[in-house]
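For reference, the structure discussed in these notes is given below.
Starting from 1, each residue takes its place in the sequence as its number.
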Amino acid sequence: MKNLLILATMVLAFGSTKAQSLFNEESNVISYMDGKSFYNSDNGLTIEYGYISSYNTYGIKVKNKDGGKFYFINVEITTFGSFADLYGMSTESGSNFGFRLYKGNWRQISCIRSQ
């Protein structure tokens, strides 16, 4: 019984450590975002990371509540274990857009869009 308790404690400790370190490398972030869309009802933005065929590269795809689409390329991904920051350059104006990704959601860091 004592061995079972020790084993259960180790499994729980390992599992919680692994969950907290979801984004250790850039590839972890890309894999996590693959095929997912993230929506923020506060500002009406939907964000995806993926291939942008018109620019033949990968980047951030943003869609606003009015249907406007914006693309950000040359994405810099910085990992922090439990979250990651993504910044990209606008294909229209060269301005930057960034957001912080947590497991299951995101929070906008900065957004400067061309009009």
(message) Go through it in stages, so that I can follow the logic: the residues are Y49 and V75, the test is side-chain contact (heavy atoms from CB on, under 4.5 Å), and I'd like the CA-CA distance, side-chain angles, deciding distance and then a yes or no.
(response) CA-CA 9 Å; Y49 179 88; V75 177; 4.1 Å; yes
(request) Kindly write out the residues that satisfy side-chain contact (heavy atoms from CB on, under 4.5 Å) with E25, not counting sequence neighbours, or none if the list is empty. (result) S27, N28
(message) Hydrophobic clustering (ILVMFWY, side-chain heavy atoms < 4.5 Å, transitive) - are I77 and Y71 grouped together?
(response) no
(message) Tell me whether T79 contacts the main-chain N or O of N24 through its side chain, where contact means a donor paired with an acceptor under 3.5 Å.
(response) yes
(message) The test is side-chain contact (heavy atoms from CB on, under 4.5 Å); show your working for L45 and F38 and say whether it passes.
(response) CA-CA 8 Å; L45 295 179; F38 298 88; over 6 Å; no
(message) For a quick test of reading the model, state the closest non-hydrogen atom pair linking M33 to L86 and the distance between them.
(response) SD-CD2, 3.9 Å
(message) Donor-acceptor check, side chain of N64 to backbone of D66, threshold 3.5 angstrom: yes or no?
(response) yes
(request) Measure across A84 and V29 and return the closest heavy-atom pair with its distance rounded to 0.1 Å. (result) CB-CG2, 3.5 Å
(message) Consider ring pair (Phe, Tyr, Trp, His ring centres under 6.0 Å). Of F83, Y32, Y102, F80, which one does F23 pass it with?
(response) Y32
(request) Only counting residues at least two apart or in another chain, list the ones meeting side-chain contact (heavy atoms from CB on, under 4.5 Å) with K65. (result) none
(request) Provide the closest heavy-atom pair for M89 versus N74 in the form atom of the first, atom of the second, distance. (result) CE-ND2, 3.5 Å
(message) Would a single hydrophobic cluster contain both I52 and F97, if residues Ile, Leu, Val, Met, Phe, Trp and Tyr are joined by side-chain heavy-atom contacts under 4.5 Å?
(response) no
(request) Report the residues that fulfil side-chain contact (heavy atoms from CB on, under 4.5 Å) with T57, sequence neighbours left out, ordered by chain and then residue number. (result) Y55, I73
(request) Find the distance between CD (E76) and CG (N96) and round it off to the nearest 0.5 Å. (result) 9.5 Å
(request) Please examine the side chains of F99 and D85, heavy atoms only from C-beta on, and report whether any two atoms are closer than 4.5 Å. (result) no
(request) Determine whether more than 12 heavy atoms belonging to other residues, nucleotides or ligands lie under 6.0 Å from atom NZ of K63. (result) no
(message) Using only atom types and a distance under 3.5 Å, with no angle test, would you say the side chain of S90 pairs donor to acceptor with the backbone of S93?
(response) yes
(request) In sequence, state the C-alpha distance, the side-chain angles, and the governing distance for V62 and F72, and then conclude on side-chain contact (heavy atoms from CB on, under 4.5 Å). (result) CA-CA 8 Å; V62 179; F72 300 88; 3.8 Å; yes
(request) Please name all residues satisfying side-chain contact (heavy atoms from CB on, under 4.5 Å) with S37, sequence neighbours left out, ordered by chain then number. (result) T46, E48
(message) So, using ring pair (Phe, Tyr, Trp, His ring centres under 6.0 Å) as the criterion, who are the partners of Y58 when residues are at least two apart?
(response) Y51
